[in-house]
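First comes the structure, then the notes that go with it.
Naming: A, B, ... by sequence-line order, numbering from 1 per chain. Computed from a predicted structure; not experimentally measured.
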Number of protein chains: 2
Amino acid sequence: MAGPADVDQITIDRLPVHRDDARGAVTPVEISRFEPFQQARLFYAFDVPENGVRGRHANRTGREYLICQKGRVRLDLADRRKERSVTLSEGDGVLIEPGIFVVDTYLASGTVVLVLCDKPYDPADYIHTLAELRAD
Amino acid sequence: MAGPADVDQITIDRLPVHRDDARGAVTPVEISRFEPFQQARLFYAFDVPENGVRGRHANRTGREYLICQKGRVRLDLADRRKERSVTLSEGDGVLIEPGIFVVDTYLASGTVVLVLCDKPYDPADYIHTLAELRAD
């Protein structure tokens, strides 16, 4: 994404889900096919109570690719000037650029969210309030 | 793992699960901390019926790191001479070296398994029967 982070430039990717009655479903994630993204680590969140909230941060330099593996999660997104909300359902993925503040609300119990990160963990890369992002 | 693939050398890693009543659970996976593993792609399987079976293959050269994100999965493992079964519960991870034949039985509905692979997808890397593995 060229220029400053812009919530209006965020698009949701519909990942493939290969289903079979006997064997269930599988989703391959070959992120390099649709984004220039070098993954350094990953984490996943689960067992979040319905309407439980995670996230609440922006990254200064790190990019994150969020995948809703199960359930439904709403992302309340903000850049330096605007806000926007998107809801991810099963099989939806979204790239979050640096400078986008994200609050994740888990809409359904059993929701599992996988997050791929392109930088090693660094607490100094996190911006924990929207005020700080907008004052930067 | 030096030498030929050996089911007896397989160990289960207990991944960290950070839990919080309000925010649920998160598991960071920084595989490079405990294995020399370069991830090329990933996939995840879900909505598998109870006692449904996936897998049934060995890789010729690719390594896979399986993580049981939710539920429980039994891995029936075989090398060229021996068999062994292990069961993964939530938060368990296991490295599968090339030459290990794996049959995954999903023991609980709602089980979600994440698989990290160190090679791009290549159908020619798959061995689909134990007979073929042992004849190799």
Most contact-rich option vs chain A, by heavy-atom pairs under 4.5 angstrom, among B:Val48, B:Val115, B:Thr27, is B:Thr27
Using non-hydrogen atoms only, which part of B:Val112 is less than 4.5 Å away from chain A: side chain, backbone, both, or neither?
side chain
Could you check whether A:Arg74 pairs with A:Asp76 (Lys NZ or Arg NE/NH1/NH2 to Asp/Glu carboxylate O, under 4.0 Å)?
yes
Atom group of B:Val17 that falls short of 4.5 Å from chain A, counting heavy atoms
side chain
N/O donor to acceptor pairs below 3.5 angstrom from side-chain atoms of residues 101-109 of chain B, sequence neighbours left out:
none

Extract all donor-acceptor atom pairs below 3.5 Å that involve side chains of residues 37-47 of chain A and protein atoms in other chains or at least two apart in sequence.
| residue | atom | partner | partner atom | Å |
| --- | --- | --- | --- | --- |
| A:Gln39 | OE1 | B:Gln39 | NE2 | 3.0 |
| A:Gln39 | NE2 | B:Gln39 | OE1 | 3.0 |
| A:Arg41 | NE | A:Lys119 | O | 2.8 |
| A:Asp47 | OD1 | B:Lys70 | NZ | 2.7 |
| A:Asp47 | OD2 | B:Arg19 | NH1 | 3.0 |
| A:Asp47 | OD2 | B:Arg19 | NH2 | 3.1 |

Most heavy-atom pairs under 4.5 Å with chain A, out of B:Glu90, B:Arg23, B:His18, belong to B:Arg23
Test item: side-chain donor near acceptor, A:Gln69 and B:Gln69, under 3.5 Å
yes
Less than 4.5 Å to any heavy atom of chain B: does that hold for the side chain of A:Asp21, its backbone, both, or neither?
backbone
Non-hydrogen side-chain atoms of B:Asp92 and B:Val94 separated by less than 4.5 Å:
no
Which atoms of A:Ala25 are under 4.5 Å from chain B, going by heavy atoms: the side chain, the backbone, both sets, or neither?
both
